[in-house]
Every structure is written in C-alpha cells, then in structure tokens.
Amino acid sequence: MKLPDVFEEKMKKLLQDEYESFLQCFEEPRHYGLRVNTNKISAEEFKKNAPWPLTPVPWIPNGFYYDGEQVQPAKHPYYFAGLYYLQEPSAMTPASRLPVEPGDFVLDVCAAPGGKATELGARLRGTGMLVANDISYSRARGLLKNLELCGIGNVLVSSEEPGKLVPYFHEYFDKILVDAPCSGEGMFRKEKKMIRAWEEHGPEYFSRLQKSIVTQAASMLKPGGMMLYSTCTFDPRENEQIIEYLLDSCPNLEICEMEGYEGFCKGRPEFTAGRQASFQKTVRIFPHRMEGEGHFLALLKKKGTSVSGKEGFRKNSFTFSGGQKKEQGRYKIPEELESFLQTLDWKIDKSRLELREGHAYYMPEGIPNLQGIRFLRSGLLLGEVKKNRFEPSQALAMCLKKEEYGKILDFSAEDARVIRYLKGETLEVEDLASPKEKGWYLVCVDGYPLGFGKLSSQMLKNKYLPGWRWVS
C-alpha cells in the first residue's frame, strides 16, 4: 500500500524504532469483529451457540474475531434478531472504557452508525436514557435502525449540531462519549479510500471541528460525570493536543486512568505544550501492537459533586394527538392500546406514555421538553393506534423477550420459513399454532424475537418492517 509521504514522515517521528513494524502491518490482512449485544444474550451463551468459529478479542469482554473471508454474519437470522453488531475490534474500545451503569443518563455526541451507541444502550439495561446524536440526518436514520435492531428503547435519537443541544442538556449527563470525526489515519489499512479523504481534509481541518465539539460536550457533563474522547487517527493535533485544549478551556476536567491492556500504548505528553505527565493516562492503539486498527482514547472526569435529581424531568402526564397535554387521569388511555399493553409482561408506568399523531410511545424518565430539537425518535415506539385496533411496532418486537409476550411462533434458525419471514412472505404455521388461535404473534428464531405477524386460519400475515427485509 502506498502511503502519503507526509504521513510516513509524521509516523517515523511518532514511532521511531517501531516505524518499520508499523509499516509492515499494512501488508497484513484486516481483522473482522463482532460485538455481542448483551442486552439480548450473554457473550458466553452466544459463543456456545455461534454458527461459526469465534476467537475472543482479549480486551473486550463481549468482542470476538471471525473469519471475514469465509463467513457472512450479516446474512444470518441471528443478525436480524440483533444478537450482535459487526464492528472493527479496536472500535469496540471506546464504549467499553466509558463506565456506563444502569440508570445513567448518557450522551453519544457523534453516534452514527451506532456501533458505540448500541453498546452504551445495552449497558443501561433499559434504565436511564441514551441520547444518540448525529449531525447528518441520513446517518441518524441508520443509527435509529441499529438501536431499534438491538432492542434499545430508552432513547432520544437526534440530528443536531452539538451546540444546539447545550441549552436543553446543560450539565445533564452522567456519561458522555465523543467519538469525534477525524482524519481517519487509523483506518488506512481497513479502508484504502480513507487515504484520499485524508489528502482532501487532514488533521488541521478536523482539529478545529474537534475543539468545538469537545468543549460543547463538556458543558453537558454534570459535576462528577465522566466523558470519553476518542478518534481513529494518530495525529497529536487531533488527540493529545485536543485534550490539552479542552483542559485549558475547562479547568474543572481532569484526565483519569482507564482499564488497561498489555497492547495499549501510553499517550504522548511530549506532543503537548505543557508536557504534563497526566497525558500518559490517555491511550493509543497501534495496529502493529494489537490485532485491530488505530485509535486514541482519553477518559476525563468533571470535578465536583452532582446534585440529586435532574431539573426538567417530565411531569406525570399523558400527551394526546394535537399536542394537548393533560394531567394523567383526566383522559383515558385508548382502549385498544390499554388492551394490548395488558398482554405484555412489563411493568408499565402510564405517566410515561405519549400518543402523537396516532403513534404510541413509551418515554424515558427525565427527558426535557424537546421543542426546537430535530429528532427522529424519542422513546420506544410501541405502535400505531388505529380505529378499533392497535398495531405493535417492529421496535417493540425487538425490545421484547420471548417470555414477555404470550403468543409466540418460535422457529429454528435452520427452518426455511425464517428467511421467508425476513423477506416479508406470508407463512403457513399449522405445525406451530392451533386453528382457534388468532391475533398478533411474536415471531422468534431460537427464542429471540424478529418481529410481529398476524395469525388467522393458521396463516401468518407478515408484519416484518419492509425497510428491514432480507435482500438476497
């Protein structure tokens, strides 16, 4: 692979004696990885039942290598069940090193396509809230699909310039991830087209953008909260020097140690103006040291103690079409919706239900008034309330577990009807359902939901979302 001369000279200075080893790794094949969605299945259980050989990524508890030349995980029903996310191994690191806990309020500032957001959401275990933002509306649409596929419903998916979020979420979040747009030097081996993009927009262009994003994000971090900054590039102007700029701009932040691994390299204080030793707590990942591509990570904490509770929490209310809000109890929840909710083995807090333009949502707790924010989804889309009936959504199906819904059609992954269902076809299911059974059924593969179907006379009318269907 021919690398730009300017890039080579920079890497010689950065790596010195290790440069030849670094250069040699560009002749080696890239690594393929998948991260198990622990929101649905444990890493141990998935490895035991995986359809192909897997090798653990040693620094990621739920990460695995697979042979990308021999297998296609994106063409297996388990992918459509959201059991895993395909992700380059080093790219799994940032979300794994931000210590998200259930109940946290978490922001992923530059979240598309969703590799890191889906992991953050899984670790919330359906509690707290994940705000997943991307400035590109088209990319945010793909982000929303991936979050729904992984069964994460306690979300706000927005598409805004980060500064637009600040007035709504000032010192609001417990944890923030800033996986910043960058020059992508660490991805040259994986995606050769990144070299041309680097020649068009290099580190100087991105460092200006990163300074803006990271300071805006810091203002949304509450005292005592933690923020992780990451890039997939090697240039100090986008890495250590961005963190130095952030610390100068926000002196109430400090660099923290993060969980280590033998292949991690320490950050480089010598490339900063102050040369402070604390920059050695940041982490560099080099492809000649580890079986993954290049990355940089810095974990920071905002000094101080957070106040209990959050201002701007949603009041206990029910919202009806047309935007008219009334206190809970003044109006009855639509009977069709009420009836369907009773079929779920969920503890539903009715104060968190919203009905907008005929669509029912289950909102996260603590979400502020969103007027003025461009968002694609707030909360879990439960389904559509129509005249005398309720139609459950694809997003709801992916959030459910098999035992949480009474009517199930469970197919083996080897059953040809699974692929036919994913293609949107009507299915004969006389071997799985009696003639008297009708209504909405949750279609599963080996016990993991894929979507809904409506059963009548032992024929299943397919309700799998058209935009998600299997394409041969």
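Computed over heavy atoms, backbone and side chain alike; hydrogens, waters and symmetry mates excluded. Here the structure is a predicted model, which means the values were calculated and not measured.
- Within the structure, ring pair (Phe, Tyr, Trp, His ring centres under 6.0 Å) pairs that include any residue of residues 232-258 comprise Phe22-Phe234, Phe234-Phe286 (at least two apart or interchain).
- Taking the six-membered ring for Trp and thresholds of 30 and 60 degrees, His201 and Phe206 have ring planes more than 60 degrees apart, a perpendicular arrangement.
- Nearest heavy-atom pair, Ala122 versus Asn37, reported as atom, atom and distance to 0.1 Å: CB-OD1, 3.7 Å.
- Both the sub-6.0 Å distance and the 45° axial angle are not jointly satisfied by Arg189 relative to the ring of Phe26.
- Legend: residues meeting ring-ring contact (aromatic ring centres under 6.0 Å, His included) with Tyr464, ordered by chain and number and at least two apart, are Tyr421.
- The aromatic rings of Tyr361 and His359 sit tilted, their planes meeting at an angle between 30° and 60°.
- Checked by atom type and distance alone, the side chain of Asp179 never pairs as donor or acceptor with a backbone atom of Pro94 at under 3.5 Å.
- Side chain of Tyr78 to backbone of Pro73: no donor-acceptor contact under 3.5 angstrom is found.
- In this pair, Trp198 and Phe188 present their aromatic rings perpendicular. The plane angle is above 60°, beyond the 30 to 60° band.
- Counting heavy-atom neighbours within 6.0 Å of Tyr19 OH, excluding the residue itself, gives a total above 12.
- The list of side-chain hydrogen bond (donor to acceptor under 3.5 Å, both in side chains) pairs with a residue in residues 252-267, not counting sequence neighbours, is empty.
- Among pairs with a residue in residues 39-61, those fulfilling side-chain hydrogen bond (donor to acceptor under 3.5 Å, both in side chains) read Glu45-Lys48, Glu45-Asn49, Trp59-Thr93, at least two apart in sequence or across chains.
- Rounded to the nearest 0.5 angstrom, Met129 CE and Ile367 CD1 are separated by 5.0 Å.
- Relative to the ring axis of Phe264, Arg284 does not place its NZ or CZ within 45° and under 6.0 Å from the centre.
- Between the Glu191 side chain and the Met194 main chain, no donor and acceptor come within less than 3.5 Å of each other.
- Annotation for Ile176 and Val109: closest pair CG2-CG2, 3.8 Å, computed over non-hydrogen atoms.
- Centroid-to-centroid, the aromatic rings of Trp468 and Phe80 stay 6.0 Å apart or farther.
- Checked against a 6.0 Å centroid threshold, the rings of Phe279 and Phe271 do not count as neighbours.
- In terms of heavy-atom proximity, Leu400 sits nearest to Pro449 at O-CG, 3.2 Å.
- Lys401 forms no cation-pi arrangement with Trp346, by the criterion of a distance under 6.0 Å to the ring centre and an angle within 45° of the ring axis.
- Annotation: salt bridge (charged side-chain N to carboxylate O under 4.0 Å, His left out) contacts of Asp17 (sequence neighbours excluded): none.
- A 4.5 Å side-chain heavy-atom check between Thr305 and Pro223 finds every atom pair outside the cut-off.
- Inter-residue side-chain proximity for Pro102 and Leu124 is flagged as unmet; no heavy-atom pair is nearer than 4.5 Å.
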Sequence neighbours left out, cut at 3.5 Å: what donor-acceptor pairs do the side chains of residues 139-149 make with other protein atoms?
unit_1: Arg139; atom_1: NH2; unit_2: Ala112; atom_2: O; d: 2.9
unit_1: Asn146; atom_1: ND2; unit_2: Pro113; atom_2: O; d: 2.7
unit_1: Asn146; atom_1: ND2; unit_2: Gly142; atom_2: O; d: 3.3
unit_1: Glu148; atom_1: OE2; unit_2: Arg377; atom_2: NH1; d: 2.2

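- No donor-acceptor pair closer than 3.5 Å links the side chain of Glu384 to the backbone N or O of Ala360.
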